[in-house]
There are 2 protein chains.
Amino acid sequence: MKSYWGDGPTAVSINEICRRAGVSKPGLYREFGNEDDLKTAALESYRELVLSQLFEIFEADQPFDEALAALTGLALQDRAQTGLPTGCLFGKMRGCRSELGPKTNGAIDATWSTAQDRMQDWIDRAKRNGQLDSQISTTTATLYVDAQIANAITMQAEGVQKAEISEFLQIAFNGLKCFG
Amino acid sequence: MKSYWGDGPTAVSINEICRRAGVSKPGLYREFGNEDDLKTAALESYRELVLSQLFEIFEADQPFDEALAALTGLALQDRAQTGLPTGCLFGKMRGCRSELGPKTNGAIDATWSTAQDRMQDWIDRAKRNGQLDSQISTTTATLYVDAQIANAITMQAEGVQKAEISEFLQIAFNGLKCFG
DNA sequence: TCCATATCGGACCAATCGGTATTTTTATAT
DNA sequence: ATATAAAAATACCGATTGGTCCGATATGGA
């Protein structure tokens, strides 16, 4: 069900969702409430399915370099094999917030907030361990890592070769390591 | 007219465009043809208004570092002052190609192709001048620069502070300079 | 077996979509 | 001033949108 959000949270109508899922429209409404609730549920499902893997990396007790390598590996893993759609639902939703309902927007805020918290802890830890230049603002670093991962996932969805995405992330993360 | 594409190329209906522009629907259709043509025209207008400034930087005969600085300045310039909407129409369109018509998609292809050409020339020139590590794949470099500029513009649209965007680009372009 | 109850889906709703036919207005020429 | 040509807007088209009503159908207890 949630898998059909691969082609954009605003690109698929409720009718189309029902058609694809083989479920009646009243049935879907009984289960989810309305469109806003449905999209909220889809985002929550995405968070548990995909973002949780990122959070695990951020929380893991490992050197900064290894965490970056793990992030690269995660961003590069083949979505086609897992049967899941490509692209980042969270990123797509953040890109068209004005077209989404208030509940979905609230969920986006909450998700982004917890993601930033996780990343802040991780960045601050790396700074304390001397693995990251403490001149770099923590908030900028979180924005940076988030954006680069989103870039990589989006590029994969657009069909860019894995080797190029890998090099892309290598360059991007290099910017963090050799700062100043 | 084209300014109303600020809130997303799929978020605004033809009816709404007419309402905002104070023009009748047949009038708009007489001028542009259909929705696909209108969006194509909007993209062309955006290319001449915004992307042309990027192309000028790529074509200018200046050191690589100065070009990067110029790109940073361009990405940071305040859109609110110019009266233009924030965000990157080209990037938004690339993010929802399946929702756009064939003509608009063709224009996206053409725009992206010429943008990549301009960047390739620029990157190759920097490599020849020893201002950029030639180990970096040219196509990856073009993808990289494009993505970072898009990131910066998107962040400005989301209300991120200028100082953070500036630091963001400093980190990102650092990754190009100190590679390997 | 028969009735009550709970679930489910076909059919329907007003609103809006992209797009157009037709009528009204405006301007011109005689 | 009046008939005619050009321009523009009102009013409408079928299709689709998010959302709901209500009849059909399945289930369970007596």
Side-chain angles (χ1 to χ4, degrees), chain A residues 1-46 85 87 89-90 92-111, chain B residues 1-46 85 87 89-90 92-111:
Chain A
M1 157 87 71
K2 279 77 180 202
S3 80
Y4 288 101
W5 296 88
D7 38 3
T10 66
V12 184
S13 73
I14 294 263
N15 295 311
E16 181 66 18
I17 298 258
C18 295
R19 221 168 291 140
R20 294 186 192 181
V23 89
S24 77
K25 201 157 24 154
L28 185 140
Y29 273 83
R30 268 187 289 268
E31 180 99 18
F32 290 99
N34 62 19
E35 191 175 28
D36 197 11
D37 294 325
L38 175 65
K39 290 183 179 175
T40 303
L43 174 56
E44 266 159 27
S45 167
Y46 181 81
L89 177 61
F90 182 49
K92 286 177 185 172
M93 282 188 170
R94 283 207 292 157
C96 58
R97 292 181 71 135
S98 67
E99 300 175 64
L100 303 173
K103 196 165 177 180
T104 307
N105 268 287
I108 293 173
D109 286 334
T111 302
Chain B
M1 157 87 73
K2 278 79 181 201
S3 80
Y4 287 100
W5 296 88
D7 36 4
T10 67
V12 185
S13 72
I14 293 263
N15 293 312
E16 181 66 18
I17 298 258
C18 293
R19 219 168 293 140
R20 296 186 191 183
V23 88
S24 77
K25 201 155 28 153
L28 186 141
Y29 274 84
R30 249 170 270 145
E31 180 99 18
F32 290 99
N34 61 20
E35 191 174 29
D36 197 11
D37 294 326
L38 175 66
K39 290 183 179 176
T40 304
L43 174 55
E44 266 159 26
S45 166
Y46 181 80
L89 176 61
F90 182 48
K92 286 177 185 171
M93 282 188 170
R94 284 207 291 156
C96 60
R97 293 183 69 135
S98 68
E99 300 175 63
L100 303 173
K103 197 166 175 180
T104 306
N105 267 286
I108 294 172
D109 286 334
T111 302

Rounded to whole Å, how long is the line connecting atom [atom1] of [X] with atom [atom2] of [N]?
X        : N       : atom1 : atom2 : result
Asp36(A) : dT17(D) : CG    : P     : 18 Å
Leu38(A) : dG19(D) : CG    : C1'   : 13 Å
Glu35(B) : dT20(C) : CD    : C1'   : 15 Å
Phe32(A) : dG19(D) : CZ    : C1'   : 16 Å
Lys39(A) : dT17(D) : NZ    : P     : 12 Å
Glu31(A) : dG9(C)  : CD    : P     : 12 Å
Glu16(A) : dT16(D) : CD    : C1'   : 12 Å

If you check the Arg19(B) side chain, which of dC17(C), dG19(C), dT20(D) turns out closest?
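So the side chain of Arg19(B) is nearest to dC17(C).
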
Could you please name the option among dG18(D), dG10(C), dT20(C) that lies closest to any side-chain atom of Tyr29(A)?
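Taking heavy atoms from C-beta onward, the closest nucleotide is dG18(D).
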
Checking the side chain of Thr111(A) only, and the main-chain atoms of Ala107(A) only, is there a donor and an acceptor separated by less than 3.5 Å?
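Pair found, side chain donor or acceptor close to backbone of Ala107(A).
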
Within a strict 4.5 Å, meaning less than it, do heavy atoms of the [X] and [Y] side chains meet?
X         : Y        : value
Asp109(A) : Arg97(A) : yes
Tyr29(B)  : Ile14(B) : yes
Asp7(A)   : Pro85(A) : no

At under 4.0 Å, does any side-chain N or O of [X] touch on OP1 or OP2 of [N]?
X        : N       : value
Ser13(B) : dC17(C) : yes
Asn34(A) : dG18(D) : no
Arg30(B) : dA7(D)  : no
Asn15(B) : dT16(C) : no

Considering only heavy atoms and no angle criterion, is a donor-acceptor pair shorter than 3.5 Å present between the side chain of Lys25(A) and the base of dG9(C)?
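Not at all, since no donor on one side and acceptor on the other fall under 3.5 Å apart.
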
Which atom pair, heavy atoms only, marks the closest approach of Pro9(A) to Lys92(A)?
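Smallest heavy-atom distance, with atoms named: CD-CB, 3.8 Å.
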
Val12(A) or Gly27(B): which one's nearest nucleotide on DNA chain D is closer to the 5' end?
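Comparing both residues, the 5'-ward one is Gly27(B).
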
